[in-house]
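What follows is one structure encoded as structure tokens, with my remarks underneath.
Predicted model, so just to flag it, every value in this text is computed and none were measured. So that the names make sense, note that chain A is the first sequence line, chain B the second, and so on, each numbered from 1.
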Amino acid sequence: MPYIPHTDEDIREMLNVIGVGSIDDLFADIQPEMRPQSFNLPKGMSECEVDSYFHSLAAKNKQDLISFLGAGYYDHYIPKAVDALSSRGEFLTSYTPYQPEVSQGTLQSIFEYQTAISRLFEMDCCNASVFDAGNALFEAGMMAARHTKHDTWVVDEAINPLWRKMLDTYSAELDITIVTVPHKDGISDKEALKAAINDDCAAVMVQNPNFFGAIDDFTELFEHAKAHKALGVLSVYPVMQSILKTPGEMGADIAIAEGQSLGLPLSFGGAYLGIITCTKALIRQIPGRIIGQTQDIDGKIGYVLTLQAREQHIRRAKATSNICSNQGLCALRSIIHMALLGPEGLRRTAENGMITARYAVEKLTAISGVKLLNDAPYGNEFALVLPKDAHEIASQMAENGIIPGFPVGQYYQNMDNILLVACTEKTTESHVDELASILGGLL
Amino acid sequence: MKNRSIGTLFDKSVKGRTAVLPTQPSQSAKDMLPKGLLRQNAPRLPEVSELDVVRHFTNNSHKNFSIDGNLYPLGSCTMKYNPKVNESIAALPGFSSTHPLIPQLKGGEAYTQGSLQAVYEVEEVLCEINGMKAFTMQPMSGANGEFTGVMLIAAYHRDKGNKKTKIIVPDAAHGTNPASAMMAGYEVINLPSKDGMVDPEALEAALTDDVAALMMTCPNTLGIFENHLPSIVEKLRKIDALLYYDGANLNAIMGKMRVGDVGFDVVHLNLHKTMATPHGGGGPGSGAVGVSEKLVPYLPVARVVKNEDGSFALSYDFPKSIGYIAPFLGNFSVYLKAFAYIKRLGKEGIPRAAEFAVLNANYLRKSMESFLTVPFDRICMHEFVSSPPEGIRALDIAKALLENGIHAPTIYFPLIVNECLMFEPTETENKDTLDELIELMHEFVEKGKKDPEYLTKMPLTTPVRRLDETMAARNMILTQQEKVK
């Protein structure tokens with residue numbers, strides 16, 4: 001019996017203590033007419049068979065593709081110590097730290113995560129994580145709506161379209177109006193964003209670098225929002241944040257991020273990490289767990305879940321959010337990752353990707369008919385205009401073992417020829433040469 | 001043995017120390033971007049060596065209780081053994097290195113057939129276990145699954161033109177139930193229990209035409225099977241209200257009853273409980289949601305479909321879909337582990353897990369009822385609630401257990417039981433371990449009766465002792481402040 005340790009003798013003794021004749025008697029409450037009408041599962045497998053089944057499934061995914069896909073999710077190198085430490089059973093198989101005396105490993109790690117992220121973003125505080133960036137963006141909007149008592153979100157169309165779709169879904173049954181401000185050739189239209197902020201506005205939401213890779217400064221926009229008692233919400237890319245002007249420097253009230261780039265594998269879409277940070281003034285609006293430092297009765301420093309009066313297990317229907325489980329182990333991985341790279345390593349990661357991206361721009365725009373979508377400053381990702389449909393090109397190139405980037409036409413109208421190309425420190429010049437050579441051949 | 005990990009990563013930081021440093025870039029950011037777009041100061045992250053990091057986290061891990069190290073009878077959390085084989089499966093490069101946008105490329109599905117097949121098959125097997133028509137793997141936790149379920153309910157009623165504004169939640173329910181209902185725009189009606197179960201008369205009174213759904217946990221958080229279930233289903237059907245199943249306690253009944261067969265319309269599972277994926281100190285979980293026929297059109301997109309040639313694809317062709325709960329297909333790396341667990345257990349193993357979970361819970365209950373108050377004197381399911389004798393606090397019992405290397409049960413929940421101790425041993429614990437717990441509990445109760453201070457000073461030798469939570473809330477030290485040098 002896999003994972004069940006009972007011997008026949010154990011079972012007999014236990015049934016005797018309970019005072020029933022058989023295990024079946026324990027299920028007498030489930031009447032015969034409530035029993036399963038079918039239970040057509042395959043019979044159990046040995047561990048060896050299970051292992052082999054999943055090896056064969058994994059082998060059906062093509063693994064040797066050279067990929068320039070990013071669009072919010074990046075293939076960065078993950079130091080081996082991240083896996084080794086985060087897979088320790090003491091971290092992996094513990095529950096939410098309800099009993100702090102025996103959960104200091106988790107609690108201190110998350111406190112360190114909160115500290116590192118707050119410093120990276122130059123924001124006052126950070127929670128213990130939410131599910132992903134889209135979820136973080138929604139929670140940021142709800143924080144703003146509660147704080148300002150306004151009901152409109154002004155959203156830049158150059159925010160990741162998947163996260164904007166999540167905003168639509170999550171707010172569908174609430175009294176929230178979403179005003180989406182179109183981008184201009186992949187550049188956030190700051191004047192139009194400003195113009196859209198009126199006195200009903202709870203938050204203006206922008207992203208840096210934006211979905212198309214363009215890097216911007218939103219300081220003035222956030223000042224303008226403040227004048228209308230609206231909050232400034234900024235979504236950032238944590239690796240690039242090691243060099244870019246910070247949300248704190250720009251005066252953002254809430255900064256969120258997809259934390260996948262900090263030590264999480266791509267894993268077909270999850271598990272990822274929703275990062276959410278804010279100013280001190282908003283701390284009581286933040287959703288989910290927060291770790292705080294305190295002392296034990298002997299005066300020794302320790303950590304606990306704090307400000308719990310915001311949460312569902314205390315406030316039930318009046319909680320700031322329904323979130324209970326978050327992405328704790330992903331947050332742990334990210335603090336280990338940040339500690340291994342340090343400020344210097346994170347900066348080098350960003351710069352190495354940027355250098356390769358510049359090499360790629362040079363090579364690719366040398367192909368006749370290929371140009372950059374705009375002249376905005378960019379980091380490790382940029383948008384190209386191709387002379388042909390980018391879906392078709394990407395599809396043909398994939399057949400040649402190379403994914404040239406993401407065709408954004410899937411999410412934006414009139415952009416069928418636009419290809420979003422990302423480089424990381426794992427991308428080599430020879431990858432770029434191969435990309436340029438195959439693309440040149442197809443155009 | 002003294003744990004030598006003192007201080008935080010930031011305390012250990014020394015300027016210039018490095019661990020896994022990437023190649024020195026040939027150009028710096030300031031050569032590539034306008035100065036005004038750059039941050040003024042480097043982020044003050046820890047500067048430590050690789051050994052510093054490894055030793056710091058290894059030593060800190062020793063300050064955690066975990067299933068791998070300790071009995072963890074935390075009620076409603078199903079802290080069963082998390083098999084190691086599942087971890088190595090989720091880490092296979094074929095799964096872990098796949099970019100989620102690949103199947104969205106034209107023809108890109110061909111490169112991710114393994115992952116798409118895994119999603120399709122795990123949905124299929126969850127449908128069969130629960131008697132549901134379809135599943136979505138998008139929800140990223142139990143609460144996220146609840147929210148998804150309630151959004152599906154809202155979409156159904158809107159589509160039918162029903163005017164529904166309320167959701168009924170029993171008082172014993174998890175706090176996430178009312179919070180999720182509220183996030184989906186509903187007014188929450190609290191339903192008092194009677195004899196540890198939904199009170200049919202109170203339900204009758206609360207069931208007005210504007211009720212959209214009833215959210216039930218069965219067995220409920222008291223560990224009791226809801227005997228009035230068939231009549232509840234009938235009452236709801238009369239006003240076209242839907243029945244929601246909170247799967248937190250599925251471990252008690254899987255293979256013994258399928259929620260779809262008995263009339264539930266929507267169910268969320270906590271795969272990180274029932275299907276043995278690790279909880280990771282607070283996540284990531286997986287809150288897969290199953291639905292009956294009438295809710296299928298509203299499921300989130302994208303969905304994985306099977307083509308006629310047997311290959312798998314993403315489909316967005318569901319015009320009534322509520323949209324996107326996750327950016328892609330949810331916490332794939334988590335439910336892959338759950339799928340491996342289900343494969344291992346199979347047809348015989350799934351109901352057997354429920355059987356032994358219930359056996360263990362009843363053995364504990366029966367063995368402890370002579371010294372604890374067990375408010376409902378009947379066979380329990382996979383967990384049960386109890387109270388210590390008058391004068392002894394649940395909190396103090398919990399702390400005494402920690403001192404003895406056993407994790408505490410859930411305490412003070414559900415709120416309707418005085419000084420509640422809620423035990424859920426799970427099926428993976430052996431009788432000897434349960435006997436140790438019983439013996440310790442007996443000892444604490446006897447000692448606590450004679451000398452209350454014996455318990456109130458516990459724990460003594462844990463990495464820290466009782467912590468001042470009021471101080472934490474007052475001082476609000478949520479990040480480490482930098483020392484002024």
Side-chain angles (χ1 to χ4, degrees), chain A residues 5 10 14 18 29 36 41 43-44 54 57-58 60-62 69 79 85 88-90 92-94 96 101-102 104-106 115 118 120 125 131 162 165 169 173 243 265 267-271 292-294 296 302 306 312-313 316-317 319 322 324-329 340 343 348 351 391 395, chain B residues 19-20 22 25 29 42-43 57 60-61 63-68 89 92 94 96 98-100 106-107 111 113-115 140-141 143 175 178-180 182 185 188 225 278 280-285 323-324 327-328 331-333 346-347 349 362-363 430-431 462 464-465 471-472 477-480:
Chain A
D10 290 337
M14 293 169 85
I18 299 167
D29 276 338
L41 297 188
K43 70 181 187 50
F54 284 93
L57 263 191
K60 291 186 186 175
N61 289 337
K62 194 160 169 57
L69 275 179
L85 294 169
R88 291 186 64 86
E90 296 92 331
L92 186 68
T93 72
S94 59
T96 299
E101 296 88 344
V102 295
Q104 287 298 303
T106 295
T115 302
S118 299
L120 185 60
C125 23
F131 306 125
L162 291 163
K165 281 179 181 291
T169 302
E173 304 296 336
I243 57 167
S267 280
F268 204 53
Q293 185 189 301
T294 186
D296 76 357
T306 193
Q312 48 77 26
H313 60 286
R316 296 178 79 85
N322 69 338
C324 182
S325 284
N326 50 40
Q327 304 287 106
L329 197 77
L340 289 165
R348 287 188 183 190
E351 288 174 346
H391 301 275
S395 170
Chain B
V20 189
F57 285 99
N60 271 350
S61 79
K63 299 178 187 171
N64 262 9
F65 273 17
S66 63
I67 301 172
D68 280 4
I89 284 168
L92 289 173
S96 69
T98 306
H99 197 292
K106 189 161 175 261
Y111 310 117
Q113 283 297 301
S115 293
M140 295 168 280
S141 74
S180 300
M182 179 212 63
V188 177
F225 190 83
Y324 288 64
F328 303 104
N331 284 341
F332 179 77
S333 59
K347 191 183 174 80
N362 278 288
Y363 177 68
N430 66 37
K431 179 172 173 293
T462 44
V464 291
R465 296 183 61 205
M471 178 194 272
I477 304 174
L478 312 177
T479 61
Q480 184 168 344

Option in B:P284, B:G323, B:A19 with maximal non-hydrogen atom pairs under 4.5 Å from chain A: B:P284
So which heavy atom on A:G292 is nearest to which on B:L478, and how close? CA-CD2, 4.0 Å
Residues two or more places apart in sequence or in another chain: which of them pass side chain to side chain donor-acceptor pair (under 3.5 Å) with A:E90? A:R88
What heavy-atom pair brings B:K431 and A:M14 nearest, and what distance separates the two atoms? CD-CG, 3.8 Å
Between A:P79, A:C324, A:C125, A:G89, who has the most heavy-atom pairs with chain B when the cutoff is under 4.5 Å? A:G89
For B:D68, enumerate each residue passing the salt bridge (Lys or Arg N to Asp or Glu O under 4.0 Å) test, keeping only those at least two apart in sequence or located in another chain. B:K84
Nearest 0.5 angstrom please: B:N64 CG to A:S94 OG, how far? 4.5 Å
Examine whether an atom of A:T306 lies under 4.5 Å from a heavy atom of chain B, and if so say whether it belongs to the side chain, the backbone or both; otherwise answer neither. side chain
Partner chain A: residue of B:G281, B:S96, B:P43, B:P327 with the largest heavy-atom pair count (under 4.5 Å): B:G281
With side-chain contact (heavy atoms from CB on, under 4.5 Å) as the criterion, how do A:Q327 and B:N331 come out once you've worked through the C-alpha distance, each side chain's angles and the decisive distance to 0.1 Å? CA-CA 10 Å; A:Q327 304 287 106; B:N331 284 341; 3.4 Å; yes
Count the heavy atoms belonging to other residues, nucleotides or ligands that lie under 6.0 Å from NZ of A:K165, then report whether that count exceeds 12. no
Honestly, the part of B:V20 sitting under 4.5 Å from a heavy atom of chain A is both
Examine whether an atom of B:F328 lies under 4.5 Å from a heavy atom of chain A, and if so say whether it belongs to the side chain, the backbone or both; otherwise answer neither. side chain
I'd like to know which of B:S180, B:G94, B:G282, B:P178 tops the heavy-atom pair count under 4.5 Å against chain A. B:G282
Where does B:L92 contact chain A at under 4.5 Å (heavy atoms): side chain, backbone, both or neither? side chain
Selection from B:G280, B:P278, B:G185, B:G346 maximising heavy-atom pairs under 4.5 Å formed with chain A: B:G280
Using a cut-off of under 4.5 Å for heavy-atom pairs, which of B:G285, B:G107, B:A143 has the most such pairs with chain A? B:A143
Heavy-atom pairs under 4.5 Å with chain A are the metric here; pick the option from B:A42, B:A29, B:S115, B:G349 that has the most. B:S115
Does the side chain of A:N326 reach to within under 4.5 Å of the side chain of B:S141, using non-hydrogen atoms? no
